[in-house]
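Here the structure comes first, spelled out in structure tokens, and everything after it is commentary.
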Amino acid sequence: MSDLLANLNPEQLQAVTLPPQHALILAGAGSGKTRVLTTRIAWLISTGQMGPHAVLAVTFTNKAAKEMLARLSAMLPINTRGMWIGTFHGLCNRLLRAHHKEAGLPSLFQILDSADQLSAIKRLLKNLNVDDEKFPPRELMHFINAHKDQGLRPAQAEVWDDYTRRRVELWAEYEGQCQREGVVDFAELLLRTYELLSRNEPLRRHYQERFRHILVDEFQDTNRLQYAWLKLLAGHDGTAGAPQGAAVFAVGDDDQSIYAFRGAEVGNMRDFEREFGVQNVIRLEQNYRSHGNILDAANALIKNNQGRLGKNLWTDQGAGEPIRVFEGFSDLDEARWIVDEARELIREGVSRDQIAFLYRSNAQSRVLEHELFTKGVAYKVYGGLRFFERQEIKHALAYLRLLANPDDDTAFLRVVNFPTRGIGARSLENLQEAAHRSNSPLYNAAASLTGKAGAAVGAFIRLIEELRRETENLPLPEVVEHIIERSGLRQHYLGEKEGQERLENLDELINAAASFIAEEGAMPVPDPATPDAPLPSPLASFLAHASLEAGDHQAGDGQEAVQLMTVHAAKGLEFDVVFISGLEQGLFPHENSVMEKSGEEEERRLMYVAITRARQRLYMSHAQTRMLHGQTRYCVPSAFLDELPQELLLRVNARSTPAYDNSYSRSPRAAAPVTAYESAAPAGLRVGQNVSHAKFGQGVIVATEGRGADARVQVNFGAAGMKWLALEFAKLTPL
DNA sequence: CGTAGCGATGTTTTT
DNA sequence: CATCGCTACG
């Protein structure tokens, strides 16, 4: 016990040992938030204030949930299996499996990931003969998800024009389709659970009485629905007769809210404080990660945001090194410098995986990768396809899904002709029409098809039936192996020239099933609180696992490598050395973000997250020109650079002439492409030229057009935006 | 049914 | 520049 609380600082200790009341912990980056969260749970249990089953701890990522469970097992001699610790979606899945009847779902309902959802929507539009030019599936998907994330159903949606009215109708159709097919999307997991609990009083009371302590991680990332869900479970929703609710312990950092574009509402933190009458607000401001200069830079930057809850990170580790700022002539020049610098660090003994290259958008990794590859530095890029998202894996899973739930049309269509069995678009159209007419799943409608097509589809149905029979009593990994063989998937990829890796992945899927069984699915634990609830089958659990946890972003070859990722992906991680590249107006902050309200503040928070990833050394760089969409863009340094205390920065552009001897490193002024129009512009005004304008400030000429009195130039003024100016009127001073 | 070629498109993305 | 997704052929 005393161990448990040892080495906590006063604020951490205070947070961990708070009385059972609502609390808001404002935990800065690197302030030990996960530690506080887990220690709080361990402390509550070990002091006998509650049993393990009385806690509900919720996070956003599987990684965070696993981490919490692992730390908890290390702290307490208890079996954490069966505890309600997991992601929002994982916990909702669990609840819906246990009460699927009350929730109006089949026992083996399947979960659609984003890709599945998109194809379901495309299929819907096709069936309804909706022009997908007018209603782009992606846009419709966002529309639907954004509404559901607010806790809304089609009937409650606000309709302001015909277009939206139609979108809402399509949304309602989509919901009908999902219900018929027995599938739920991510947002549905939450919304369905929320509705189940609000409608079903006994059930609600049961859970409200059961959970005495609710702990939430990354609270700043909750959306409206998640917050409503928490209020309901905590008995704080105003429903009549709610038992005395749980104590909610919310941990978050408003300065690290970077998912507003996905519906996260930082405002939930303020609302929580107000609505729950939170008396205990504790700030964890001591940072154990970074040196002082890095924190000072982060603090100075984030001060420019309005309406913060307020927080200032500090450390007793000393100021450390200055922040190194580099300006490259081009993106390539920038990449070269970064990679050279990284190589130097590696030579000095810094471990490769303690070096991170962070950037705003994925496209930026290209140049860096190229450079790393050329110089032979091992690296690993995060992002891109994840294990369970690979096509061969999704195909195999689709067969498994059909075994579990034949009504799943998404799965049916995915593999009915994969590997090919002579079922063409024509036959499928007929089949879908038949299914539509009889309002039945494709699987059942197949019997009504006649002729050659009917025979082919019939054979497919028989295959599935046989697979179901053959795998009935097999352990899960063997089921997976069996369907890979019998479906013809293995055969198919054997014959494909690029198939080797896919075959390896399929084998990996068998392994994944085996370790899934070994770890969690071996013996589903009946929940003591609801012993009568049906236990999910291993297959259903595995499929849910596959949808909810898409797996690693890249198969790790285990080699020590430099880490490349977007700033978003870096949240929650830390490295000895961090390079943030592409600090240019329009890129970071991103131009598309300045359009949205408070978009700039979110970009600043993103920058804050990036800076606070660094432990010892931080580099920031930008380039004067950058290839974007195949064109050279002239860039203005990011405004965020100006917001940093200049005395913390070390401008490392010592080389006034580029050390590199080839054409890439020339100054843009010398290298600026000569366009046909360029000669038309008055002397001194050409592409790449820095200019100053009375109203818009400093900028760079990006393009010129016209001649004489019609001459216009396009200028990137950075914060003030991109402008076309007529030279006849606008006073531009060359700098 | 597979693929070559063409045109549109180009932020971030825990689940 | 480069990738993706769809169309038009073989």
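Residue numbers start from 1 in every chain, and the chains themselves are labelled A, B, ... in the order their sequence lines are given, proteins ahead of strands. Because only heavy atoms are used, hydrogens play no part in the values below, and waters and symmetry mates are left out as well, while side chains stay in.
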Is any side-chain nitrogen or oxygen of A:Arg386 closer than 4.0 Å to OP1 or OP2 of B:dT15? yes

The complete set of side-chain hydrogen bond (donor to acceptor under 3.5 Å, both in side chains) pairs with one or both residues in residues 250-267 of chain A, sequence neighbours excluded, reads A:Asp253-A:Gln256, A:Asp253-A:Lys311, A:Asp255-A:Arg308, A:Asp255-A:Lys311, A:Gln256-A:Arg613

Gap in Å between the two C1' atoms, one belonging to B:dT14 and one to C:dT3, rounded: 26 Å

Within 45° cone of A:Phe575 ring axis and under 6.0 Å: A:Arg289 NZ or CZ: no

Hey, does A:Tyr259 reach any base, or is it just sugar-phosphate, or nothing, if we go heavy atoms under 4.0 Å? base

Protein-nucleotide distance (A:Asp113, atom CG; B:dT14, atom C1'), rounded to Å: 14 Å

Would you classify A:Ile423 as touching base, sugar-phosphate or nothing, given that sugar-phosphate means primed atoms plus P, OP1 and OP2, and contacts are heavy atoms under 4.0 Å? sugar-phosphate

When you measure from the side chain of A:Arg360, which nucleotide among B:dC1, B:dT12, B:dT15 comes out closest? B:dT12

Minimum-distance nucleotide (side-chain atoms of A:Arg366 versus C:dT3, B:dT15, B:dG2): C:dT3

Can you tell me how far C1' in C:dG5 sits from the matching atom in B:dT12, rounded to whole Å? 23 Å

Could you work out which one of B:dC1, C:dC1, B:dT15 sits closest to the side chain of A:Leu548? B:dT15

Using only side-chain N and O atoms of A:Ser547, determine if any of them is under 4.0 Å from OP1 or OP2 of B:dT15. no

Could you state the CG-P distance from A:Leu189 to B:dT15, rounded to the nearest angstrom? 13 Å

Test log, rule side chain to side chain donor-acceptor pair (under 3.5 Å), inputs A:Asn127 and A:Gln177: CA-CA 11 Å; A:Asn127 285 342; A:Gln177 175 178 291; 4.6 Å; no

Is the CZ atom of A:Arg138 crowded by more than 12 outside heavy atoms at less than 6.0 Å? no

Taking atom C1' of B:dT12 as reference, at what distance in whole Å does atom CD of A:Glu600 sit? 16 Å

Heavy atoms only, 4.0 Å cut-off, all strands: where does A:Ser114 land among base, sugar-phosphate and nothing? base

Which of B:dT15, B:dT14, C:dT3 is nearest the side chain of A:Asp221? It is B:dT14

By a 5.5 angstrom centroid cut-off and a 30 degree plane limit, is there stacking between A:Phe261 and B:dT12? yes

Ring centres of A:His622 and A:Phe588 under 6.0 Å apart? no

Among C:dC6, B:dT12, B:dT15, which is the nearest nucleotide to the side chain of A:Lys122? C:dC6

Choose from B:dT12, B:dG10, B:dT15 the nucleotide whose nearest atom is closest to any side-chain atom of A:His629. B:dG10

